[in-house]
Protein chains: 2
Amino acid sequence: MAMSERGPRERMVFSAAQLIRRDGVASTGMREVAVHASAPRGSLQHYFPGGKEQLVNEAVGWAGRYAAGRVGRFLAALPEPTPSRLFAQMVRQWTDEYETAGFAGGCPVAAATVDCAESTGSTREAAAAAFAAWTGPVSEALVDMGVPRERAGALATLMISTLEGAILMARAERDVRALTTVAGELGPLLDSAVDKAL
Amino acid sequence: MAMSERGPRERMVFSAAQLIRRDGVASTGMREVAVHASAPRGSLQHYFPGGKEQLVNEAVGWAGRYAAGRVGRFLAALPEPTPSRLFAQMVRQWTDEYETAGFAGGCPVAAATVDCAESTGSTREAAAAAFAAWTGPVSEALVDMGVPRERAGALATLMISTLEGAILMARAERDVRALTTVAGELGPLLDSAVDKAL
DNA sequence: CTTCCACTATGACCACGGTCATAATAGCGG
DNA sequence: CCGCTATTATGACCGTGGTCATAGTGGAAG
């Protein structure tokens with residue numbers, strides 16, 4: 001959330017991600033992005049000659065890298081990491097946001113997928129890349145915790161799928177219930193995948 | 001998928017759901033809905049005086065009832081229903097569609113949530129109602145299979161969350177991998193919840 | 001036949017928004 | 001001071017799309 005003193009270009013990408021996750025891609029205007037980023041409107045065509053499509057794609061890419069980076073920080077915060085604890089942290093990020101800041105925003109990658117998967121090929125690819133960038137570190141983390149390599153990827157996909165779906169339900173219901181529920185139900189399964197021999 | 005010979009009003013609601021799940025709410029035009037439904041444009045304001053918001057809300061409601069109805073048909077098709085088999089059927093509906101018809105469409109309820117959760121209160125409520133209408137039968141089915149009542153609701157939420165997320169990933173990747181993966185990974189957990197005493 | 005209502009037809013209005021054209025400014029090296 | 005490039009400023013264009021106003025049609029009841 002720290003809008004550090006980066007250049008206007010980065011601020012616009014960041015702001016685009018923020019607005020997209022709130023209103024969706026189609027409902028987010030470029031002028032709106034510039035205003036939100038306190039960036040000059042003229043910079044839009046200068047930094048993003050590819051137009052809205054380019055800006056959206058970069059915002060999605062940013063979101064993917066952000067999610068991937070969070071995984072590392074979650075692990076660093078866990079004294080004894082286990083799969084269920086990692087998942088709990090991932091879920092907690094959302095429950096915390098929803099409880100303190102309201103249910104305004106969802107996942108920007110999900111928004112891009114819903115709005116552009118069929119219409120804009122490059123954005124669909126950006127979303128797929130973002131999911132991959134996110135799944136990778138989660139899978140690696142599971143391996144480090146003792147989950148067999150051949151299973152880790154599948155469990156990472158399961159974790160992210162479940163989280164994304166729970167985010168949707170939580171936003172619709174304006175209640176973190178779905179998030180806390182899936183964290184509790186999925187935890188034991190995740191931990192049971194740890195190879196006890198290690 | 002059977003666009004039976006219903007009245008133009010129903011056809012428009014149905015078509016709205018179809019187009020929404022493909023392009024999202026914001027990118028779906030009312031004129032487009034009328035054309036897709038082979039309905040006269042003038043009927044829009046006649047049947048939906050509440051405008052686009054009303055049409056979208058009814059489409060979301062329709063989707064919720066449709067999903068709820070599918071649950072019953074899935075159960076009827078299963079000789080020996082188990083939680084994992086029900087979930088496999090729910091997933092299979094999507095893999096079948098994606099493999100035969102392509103990855104054009106997602107879940108209309110998810111689309112409505114992403115596009116309207118923050119901007120349009122009534123649509124957000126419609127989405128929540130749709131999720132509830134869907135979760136109910138799933139939960140009931142789990143109870144019938146021997147899952148303790150106090151656990152069934154949570155598992156139903158888990159199933160639908162996971163499915164929704166996997167749909168998103170599958171569409172982004174244009175690959176059913178995420179869907180088949182979550183079906184395989186979640187199955188054992190679901191079955192382990194049935195009370196063995198029954 | 002006429003009256004009335006449900007339904008359809010159609011054009012216009014207006015706001016929004018992505019994009020483009022065209023310039024102005026601002027440092028900065030020469 | 002002179003270009004030169006990077007950036008910013010603005011206004012205009014034009015398609016899209018939701019909504020409204022107004023009128024036409026058609027069948028059924030009286």
Side-chain angles (χ1 to χ4, degrees), chain A residues 5-60 108 111-112 114-116 118-124 126, chain B residues 5-60 108 111-112 114-116 118-124 126:
Chain A
E5 296 308 323
R6 303 288 181 169
R9 208 198 120 101
E10 274 185 68
R11 290 207 313 274
M12 282 191 280
V13 172
F14 178 83
S15 287
Q18 295 282 103
L19 295 174
I20 286 169
R21 90 197 192 91
R22 200 211 292 282
D23 302 318
V25 172
S27 304
T28 297
M30 312 227 77
R31 293 168 172 86
E32 192 185 356
V33 170
V35 170
H36 185 274
S38 304
R41 200 189 109 204
S43 299
L44 280 171
Q45 65 180 300
H46 185 256
Y47 289 117
F48 306 96
K52 185 175 187 175
E53 185 172 337
Q54 181 187 354
L55 176 58
V56 170
N57 293 354
E58 294 201 21
V60 170
V114 163
D115 272 4
C116 310
E118 188 58 16
S119 62
T120 316
S122 69
T123 302
R124 199 216 81 237
Chain B
E5 296 308 325
R6 303 287 179 170
R9 209 199 119 100
E10 274 186 68
R11 289 206 315 273
M12 282 191 279
V13 172
F14 178 83
S15 288
Q18 296 282 101
L19 295 174
I20 285 169
R21 88 198 193 89
R22 181 177 14 236
D23 302 317
V25 172
S27 303
T28 297
M30 312 225 74
R31 293 168 173 85
E32 192 186 356
V33 170
V35 171
H36 185 274
S38 304
R41 192 174 72 109
S43 299
L44 280 171
Q45 64 180 298
H46 185 255
Y47 289 118
F48 307 96
K52 185 174 187 177
E53 184 172 336
Q54 181 186 355
L55 176 57
V56 169
N57 292 354
E58 293 201 23
V60 170
V114 163
D115 273 4
C116 309
E118 188 59 15
S119 62
T120 316
S122 69
T123 302
R124 200 215 80 237

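Because the structure is a prediction, the values reported are computed rather than measured.
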Completion exercise
In short, A/Thr123 meets A/Ala112 closest at the heavy-atom pair CG2-CB, 4.0 Å
Fill in the blank from the handout: note: A/Arg31, atom CZ; C/dA15, atom P; distance rounded to Å ~ 15 Å
Fill in the blank from the handout: One should read off an interatomic distance between B/Arg41 CZ and B/Ser43 OG, to the nearest 0.5 angstrom, of 11.0 Å
Problem - Nucleotides bounding contact with chain A, strand DNA chain D, heavy-atom threshold 4.0 Å - result: D/dA6 to D/dA12
Would you list the protein and nucleotides 21-24 of chain C atom pairs, both N or O, that sit under 3.5 Å from each other?
unit_1 : atom_1 : unit_2  : atom_2 : d
C/dA21 : N6     : A/Gln45 : NE2    : 2.6

Practice task
In whole angstrom, give the distance that lies between atom CG of A/Leu44 and atom P of C/dT19.
Solution key: 10 Å
Exercise for the section: Would you give the length of the straight line joining atom CD of B/Glu118 to atom CG of A/Leu19, rounded to the nearest 0.5 angstrom? Expected result: 11.5 Å
Exercise for the section: For the pair A/Val13 and A/Glu10, evaluate side chain to side chain contact (heavy atoms under 4.5 Å, CB included) and give the outcome as yes or no after the intermediate values. Expected result: CA-CA 5 Å; A/Val13 172; A/Glu10 274 185 68; 5.7 Å; no
Problem - Whole-Å distance separating the CG atom of A/Asp23 from the P atom of C/dC16 - result: 14 Å
Practice task
Give a yes-or-no answer on whether the side chains of A/Ser122 and A/Glu53 include a donor-acceptor pair shorter than 3.5 Å.
Solution key: yes
Problem - Flag, side chain of A/Arg11 to backbone of A/Ser38, donor-acceptor distance under 3.5 Å - result: yes
Practice task
Find the distance between CZ (A/Arg124) and OG (A/Ser119) and round it off to the nearest 0.5 Å.
Solution key: 11.0 Å
Exercise for the section: Please assess A/Phe48 against A/Met12 for the test side chain to side chain contact (heavy atoms under 4.5 Å, CB included), listing each intermediate value before the final yes or no. Expected result: CA-CA 10 Å; A/Phe48 306 96; A/Met12 282 191 280; 3.9 Å; yes
Practice task
Using a strict 4.0 Å threshold on nitrogen-to-oxygen distance, state whether A/Arg9 and A/Glu58 make a salt bridge.
Solution key: yes
Practice task
Name every residue in residues 47-59 of chain A that has at least one heavy atom under 4.0 Å from any atom of DNA chain D, in order of residue number, or write none if there are no such residues.
Solution key: A/Tyr47
Problem - Donor-acceptor contact below 3.5 Å, side chain B/Asp115 vs main chain B/Ala26 - result: yes
